[in-house]
Amino acid sequence: MNFTVSSSTLNNRLQILSKVLNPKNSLPILECFLFEVNDKTLTLTASDGENVAKAQILLEDADSDGSFAVRSSDMLDTLKELPEQPITFKVNLPGNNIDVRYQNGEYHIVGEDANVYPQTPILDEDNSQFVIDANVLVNAVSRSIFAIANEEIHPAMNGICFDLTPDYLAIVSCDGHKLVRSREHNIKSEEPSTFILPRKPASVIKTILDKGSGDVIINFTKQAAQFIFDNGSLYCRLIEGKFPNYDAVVAQNNPNVMTIDRKSMLSSIRRVMPFASESSELVRLHLENGNLEISSEDPDFAKSAKENLYCEYNGNPMSIGFRGTGLTDVLSNLECETVQFDLADPSRPGLIHPTEANGNEDVLMMLMPMLLSE
């Protein structure tokens, strides 16, 4: 079997698929990529046993169909050093002997039997389905990852919840200190259903999906989900369990409202944070009409910092403390020009959301405060 493919295209696909691979595997074959040629289409597969990612490349030249597996390191280490050019695979399938030829050279490797590679599981026929734009999915997953929990007591919080309701699709993550909720109002279902996507496949989706790749079809059951998109797919095991009632913890009745330029506030916090206590990372926000004072201090090393920013503020003068990394995570994962903080008092969570509407989507983030010592 002989076929020719672009070196940069192949390298790009394999680099993305490699995010699925584990450094150590119970099955040695899972250290390999699976190559399958069928009707001048090359399908590449990577798996860690629970997650299976596939990518397809259309071939201009392929003389026959066939499949083989090859160690990921043998492909990645060489391809990343090759400039853009066509490379030709000459594969002797009975012995899995592979010659890879390119403009200035060639190399020879021995592959593995494709029949040993685990087959991708098939979802049950009674699966649920919805369709979402790739750009919307990537944005929602990307902004949610930082708030995924990592705990043993409540494993359902160790992922991103996709909650399909008759009114909207909610995509939610929460670790007990931070909450991110994205609602897509143009995606809904008369039959409510939900699934929890683990951190690893969420990170893979963020990497593997091109924002301009059109619609993504998501099929899911209680145990697994499959994301089908242009030129590829991702199968993954899901987290079983019940995600907490996230709407119940969202703070209500927050009369103190601040509107401020997001990038200016983010930059100011990053400048002030090095002067905060290393253990607490406490950043104090003091709000009065037209002014936000951002400050931090570390009494152990007798250092402190303070900055003032213009803001629009409707409410009583108040001071509230947040962990600096929490604030920077929230502000850096929003893509708007200005943000709104809805606050009640220094002991209750703050709600942060964009001031501008974004089509059928609304985004809300919640951050728990830290105790201030006067």
Side-chain angles (χ1 to χ4, degrees), residues 142-153 157 173-180 199 249-251 253-355 363-374:
S142 298
R143 75 170 68 98
S144 301
I145 287 178
F146 81 93
I148 294 177
N150 183 21
E151 57 173 85
E152 298 179 0
I153 300 177
M157 296 175 67
S173 61
C174 179
D175 65 1
H177 302 282
K178 304 180 292 290
L179 179 144
V180 178
R199 181 190 298 270
V249 302
V250 174
N253 301 319
N254 304 285
N256 301 303
V257 177
M258 176 186 71
T259 303
I260 193 168
D261 182 81
R262 180 184 65 86
K263 290 182 179 179
S264 297
M265 185 176 181
L266 178 59
S267 297
S268 180
I269 292 170
R270 285 173 172 165
R271 290 190 294 268
V272 166
M273 270 187 61
F275 298 89
S277 169
E278 192 172 322
S279 59
S280 69
E281 298 182 341
L282 173 63
V283 171
R284 178 193 296 257
L285 307 181
H286 180 73
L287 299 105
E288 293 189 27
N289 187 32
N291 183 70
L292 168 65
E293 181 183 277
I294 302 173
S295 62
S296 65
E297 63 175 340
D298 187 349
D300 294 336
F301 292 91
K303 62 180 184 178
S304 64
K306 178 170 61 177
E307 288 195 11
N308 288 277
L309 294 176
Y310 168 78
C311 69
E312 295 180 10
Y313 179 61
N314 297 318
N316 299 319
M318 68 176 296
S319 294
I320 187 169
F322 294 103
R323 185 177 292 275
T325 50
L327 283 170
T328 56
D329 282 340
V330 166
L331 293 172
S332 59
N333 280 284
L334 292 170
E335 297 180 342
C336 52
E337 292 293 327
T338 56
V339 292
Q340 179 174 311
F341 281 67
D342 298 339
L343 306 169
D345 60 61
S347 65
R348 294 179 61 190
L351 303 183
I352 306 101
H353 55 90
T355 57
V363 178
L364 175 72
M365 299 192 181
M366 188 176 77
L367 194 60
M368 294 296 293
M370 298 182 69
L371 182 65
L372 291 176
S373 57
E374 298 298 335

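What you are looking at is a predicted structure, and each value in this text was computed from that prediction instead of being measured.
- Between N316 and N256, the closest heavy-atom pair is N-OD1, 3.0 Å.
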Going through the checks in order, is the side-chain contact (heavy atoms from CB on, under 4.5 Å) test met by N291 and H286? CA-CA 8 Å; N291 183 70; H286 180 73; 5.7 Å; no
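- Taken from CG in N254 to CG in D345, the straight-line distance is 9.0 Å, to the nearest 0.5 Å.
- The side-chain heavy atoms of S332 and R270, taken from C-beta on, include a pair separated by under 4.5 Å.
- Not one N or O on the side chain of D298 forms a donor-acceptor pair closer than 3.5 Å with the backbone of K303.
- For the atom pair NZ of K178 and CD1 of I148, the computed distance is 10.5 Å after rounding to the nearest 0.5 Å.
- Here the straight-line distance linking atom NE2 of H177 with atom CE of M370 works out to 9.5 Å at 0.5 Å rounding.
- With a 4.5 Å cut-off on side-chain heavy atoms, P346 and M318 count as touching.
- Pairing each heavy atom of R323 with each of S280, the nearest pair is NH1-O, 3.1 Å.
- A distance of 8.5 Å separates CG in L309 from CD1 in I269, rounded to the nearest 0.5 Å.
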Any chance you could lay out the side-chain contact (heavy atoms from CB on, under 4.5 Å) test for K306 and E293, step after step, and finish with the verdict? CA-CA 7 Å; K306 178 170 61 177; E293 181 183 277; 3.3 Å; yes
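- Atom CE of M365 is separated from atom CG of L351 by 12.0 Å, given to the nearest 0.5 angstrom.
- Counting heavy atoms from C-beta outward, L343 and L285 have side chains that stay 4.5 Å or more apart.
- Taking SG of C311 as the start and CG of D261 as the end, the distance is 11.5 Å to the nearest 0.5 Å.
- Side-chain N/O atoms of T338 and T355 include a donor and acceptor closer than 3.5 Å.
- In summary, of the residues considered (D175, V180, T328), a side-chain contact (heavy atoms from CB on, under 4.5 Å) with F146 occurs for V180 alone.
- Under the 3.5 Å distance criterion, the side-chain polar atoms of S268 are left unmatched by any main-chain donor or acceptor of S264.
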Check the pair V330 / V339 against side-chain contact (heavy atoms from CB on, under 4.5 Å), numbers first and verdict last. CA-CA 10 Å; V330 166; V339 292; over 6 Å; no
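- Looking at every heavy atom in both residues, L292 comes nearest to M258 through CD2-SD, 3.9 Å.
- Counting all heavy atoms, side chain and backbone alike, Y313 lies closest to N289 at O-OD1, 3.3 Å.
- Taking both residues in full, the closest heavy atoms of P255 and A344 are given as CD-CA, 4.1 Å, listed atom of the first, atom of the second, then distance.
- Annotation: E151, atom CD; neighbour count of heavy atoms from other residues, nucleotides and ligands within 6.0 Å is above 12.
- The minimum heavy-atom distance linking S304 with E297 is given by the pair CB-CB, 3.7 Å.
- Between the side chains of Q340 and D342, at least one donor-acceptor pair of N or O atoms lies under 3.5 Å.
- Considering only heavy atoms from C-beta on, L179 comes within 4.5 Å of V249 through its side chain.
- In this structure, S296 contributes its side chain and V272 its backbone to a donor-acceptor pair below 3.5 Å.
- A 4.5 Å side-chain heavy-atom check between R199 and I145 finds at least one atom pair inside the cut-off.
- R262 places a side-chain N or O within 3.5 Å of a backbone atom of L331 that can act as its donor or acceptor partner.
- In this structure, R284 contributes its side chain and I294 its backbone to no donor-acceptor pair below 3.5 Å.
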